[in-house]
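Reviewing the structure listed below.
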Amino acid sequence: MLDKNGIAKRIAKEIKDGFYVNLGIGIPTLVANYIPDGINIVLQSENGLLGMGAFPFEGEEDPDLINAGKQTITTLPGSAYFDSAMSFGMIRSQKIDLTILGAMEVSENGDIANWKIPGKMVKGMGGAMDLVASAKNIIVAMQHVNKLGESKLLQKCTLPLTGINCIKKIVTELAVLDVLPGGGFKLLERAPGVSVAYIKQSTLGKLFAEDDVPEMFLD
Amino acid sequence: MLDKNGIAKRIAKEIKDGFYVNLGIGIPTLVANYIPDGINIVLQSENGLLGMGAFPFEGEEDPDLINAGKQTITTLPGSAYFDSAMSFGMIRSQKIDLTILGAMEVSENGDIANWKIPGKMVKGMGGAMDLVASAKNIIVAMQHVNKLGESKLLQKCTLPLTGINCIKKIVTELAVLDVLPGGGFKLLERAPGVSVAYIKQSTLGKLFAEDDVPEMFLD
Amino acid sequence: MINKVVKGAVEAIEDIKDGDTLMLGGFGLCGIPENLIAALVKKGVKQLTCISNNAGIDDFGIGLMLRKHQVKKMIASYVGENAEFERQLLSGELEVELIPQGTLATRCMAAGYGMPAIFTPAGVGTEVAEGKESRNFNGKEYLMEYAFDADFALIKAWKGDTAGNLIFRATSRNFNPIMAMAGKITIAEVEELVEVGELDPDHVHTPGVYVHRVFEGVNYEKRIEQRTVIKKS
Amino acid sequence: MINKVVKGAVEAIEDIKDGDTLMLGGFGLCGIPENLIAALVKKGVKQLTCISNNAGIDDFGIGLMLRKHQVKKMIASYVGENAEFERQLLSGELEVELIPQGTLATRCMAAGYGMPAIFTPAGVGTEVAEGKESRNFNGKEYLMEYAFDADFALIKAWKGDTAGNLIFRATSRNFNPIMAMAGKITIAEVEELVEVGELDPDHVHTPGVYVHRVFEGVNYEKRIEQRTVIKKS
């Protein structure tokens, strides 16, 4: 079973040289720590930056320089600033190669819910609806099951949707899965020490799994 | 009867302090020479400039700095450059207070034709259709009659249209006229030495003229 | 050039009245018009509709206006970093319309570019699409969203000149330039006001034509919402 | 950062083929991609559809491509400063679609911003409106115009860095940034190519994400179409 850093590490392997990438808040942010050597990518922050770098050193933080999570950050040489309209313009026109974001639920036809829990205070969708509706390539980083052990990979989402038919790949603490074009989750890899049977029992949506699904390779 | 400079001079009187103005090619360009002292305006050139100045001194022309007529120009302190989308964005959103342009024909309901003569080589509408469709305030600088003495202020345009119901004021070599909201030309001023009768006979569209139309005051 | 300078925030907002619709620039607390918000709080104008990506925190940004019950309706993409906001929302005092961030940005842009409506795929198939016209282009579904119609845009720039030309700094640019284009009346506060000719016309982000009033703000606090740093070793 | 540098114009256009649709930046002869046009002429690729505000003059700009009969269709707002253009048009060799300049610009922008269509009042009631969907918003009529779909955008900037970030100079900006955003593949020639870190990220007009290939052009002629000057007295 993977921890958060393990999920981030596995997702990092999906990133190809030359990618422009948008990382959501939470586990996706951790992915930046595991980009392999020799892979050059550019991180977009949808509040208006391409070329996001690490957090600043203490005392060097700049209130005018934050990421979409409102955290102080730095930039790398070759970065560029732009306004919010251009930022979502480049997202809609699919100039961003890969979007990585968290989810509360994903359905077997690629719907995602990650912004609202009825009865709880609603904070808003931020840029998530734009990202999922536009991205050509989305990877979801999420927990396979909730704290009660209930599956979050469903036949149909129960929470209000963020987007429909948009998720193609999911990395959880248990597995790597594709969402098949015709519907259903395809089990690609098992987390170390996790059995296919356990993944099956943790997945409520339709799951396609061979008997000999490989264990994922992380280093 | 006015010459081209006279028409430009008369139009210049319509310009108010604080106006952003777009000047078309031909007579409208001359208007810039007659802006009264104490009136601060900013000229927009739709190829991407606010704050257009005079022509450059010989030897100081810059190939990267032209106006919409492709002439070398200069800028004034406080100018700004922008791309063509923003340029027509500000035209459509009516940030430009006044547009002055030439016309081949204007009709009594404010239609204008100024871009195409069937049978002749068509050069294109450039920015004229955008300007006439969007401007909140358009003044047309034109000849009242053509070389054969035929009126160019018509009941209905005979040439392909540039825009409809958009012209509100016309200055010709003979007169200043408003286009009335309900249709028809309203004679406001006569050019020096020109009679109301002569203007009536030179106007094919419906003309409303009092008997004592004042002569225009130019200086 | 046309001079757009006003004395300060109080004069700048003189004609903002109860019930007006305001756009406020900024992302979180980054690039917000601190002086204009302070003046609005002081003036006590009420029943405002505020269009802004966020609603500030309890004791800064739009949060200051919420505390004085000046906001009737909030149009934003992400809120709730603010206990008073939540309280007013749950009590029914405050109306909130949540819209996708890109839709928010593009509806500002639409107003600035004189486009009455735009098409975006954001929200298709979700509750955001309810009651909206949708349309298929090349096999993909889009929602039609309308340009905003705001009485005033209140924005913050880094430098500005007396003609209203503005330059923004780093990610404090965010919604400011597109709201500047979208307001019927646009009021800009700047950290440094300079004479015309001091800004390079190639570097201007917002041409002065969009700005009706400009002034140099005072006492910028520029509060940081999430101070994330690496310790120097 | 991602390196976008290619050796020169010849390498940059290697995969442009007969029948492709190209956007070419520039207004008149100002800000045109001189090196890329020269390479296209040398390569002799044919049956091109060219989207550009103008069509050059007889011996410069797109005129050079017309002379070699490389252009099948021209989409522009203003043409005819070019005798060969007129000859080919009248003989039926060349197809021309004239569209309002703002519509041309906004259809580029629409492609760059991922908006399938936009609304503009330009051309309502004229022959430009023929066959187009029109729609009334708030009492005003608008035409629906579609985003361009171009295989390549060929543009010219003043400075660029190896990551493809671009800065334009004066009115040579014109259509270049919006075409840069709109091309499926965008190729930029620059007067000066610099290392990453040398351009101020606040001054970048076109972020490198839009640029697929960049190179430093040579022998810029920058011809002036209308040399209008005041004699020094």
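Proteins get letters first, then strands, A, B, ... in listed order; numbering begins at 1 in each.
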Counting only heavy atoms not in [X], do more than 12 fall under 6.0 Å of its [atom1]?
{"X": "D:Glu191", "atom1": "CD", "value": "yes"}
{"X": "D:Asn138", "atom1": "CG", "value": "no"}
{"X": "A:Phe57", "atom1": "CZ", "value": "no"}
{"X": "D:Lys132", "atom1": "NZ", "value": "yes"}
{"X": "A:Ile25", "atom1": "CD1", "value": "no"}
{"X": "D:Asn219", "atom1": "CG", "value": "no"}
{"X": "A:Lys156", "atom1": "NZ", "value": "no"}
{"X": "D:Lys43", "atom1": "NZ", "value": "yes"}

Would you mind checking which part of [X] comes under 4.5 Å of any heavy atom in chain A, side chain (CB onward), backbone (N, CA, C, O), both or neither?
{"X": "D:Ala111", "value": "backbone"}
{"X": "D:Asn165", "value": "side chain"}
{"X": "D:His205", "value": "backbone"}
{"X": "D:Met109", "value": "neither"}

Separation of [Y] [atom2] from [X] [atom1] (nearest 0.5 Å):
{"X": "D:Met1", "Y": "A:Ile41", "atom1": "CE", "atom2": "CD1", "answer": "10.0 Å"}
{"X": "D:Tyr113", "Y": "A:Met90", "atom1": "OH", "atom2": "CE", "answer": "8.0 Å"}
{"X": "A:Asp17", "Y": "D:Asn3", "atom1": "CG", "atom2": "CG", "answer": "10.5 Å"}
{"X": "A:Tyr20", "Y": "D:Ile2", "atom1": "OH", "atom2": "CD1", "answer": "4.0 Å"}
{"X": "D:Asp202", "Y": "A:Phe82", "atom1": "CG", "atom2": "CZ", "answer": "12.0 Å"}

Exercise for review: Answer yes or no: is there a donor N or O on one side and an acceptor on the other, between the side chain of A:Ser93 and the main chain of D:Gly112, under 3.5 Å?
Suggested key: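 A pair under 3.5 Å: yes.
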Review point. Below 4.5 Å, heavy atoms only, C-beta onward: do D:Met181 and A:Met86 meet side chain to side chain?
Key: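 Yes. Closest side-chain heavy atoms under 4.5 Å.
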Practice item. Could you tell me whether the side chain of D:Glu198 reaches within less than 4.5 Å of the side chain of A:Pro77, counting heavy atoms only? Key: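 When only atoms from C-beta onward are counted, D:Glu198 and A:Pro77 do not touch, as no gap falls below 4.5 Å.
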Review point. Can you tell which of D:Gly164, D:Ala163, D:Pro201 has the highest number of heavy-atom pairs within less than 4.5 Å of chain A?
Key: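 The candidate making the most pairs under 4.5 Å is D:Pro201.
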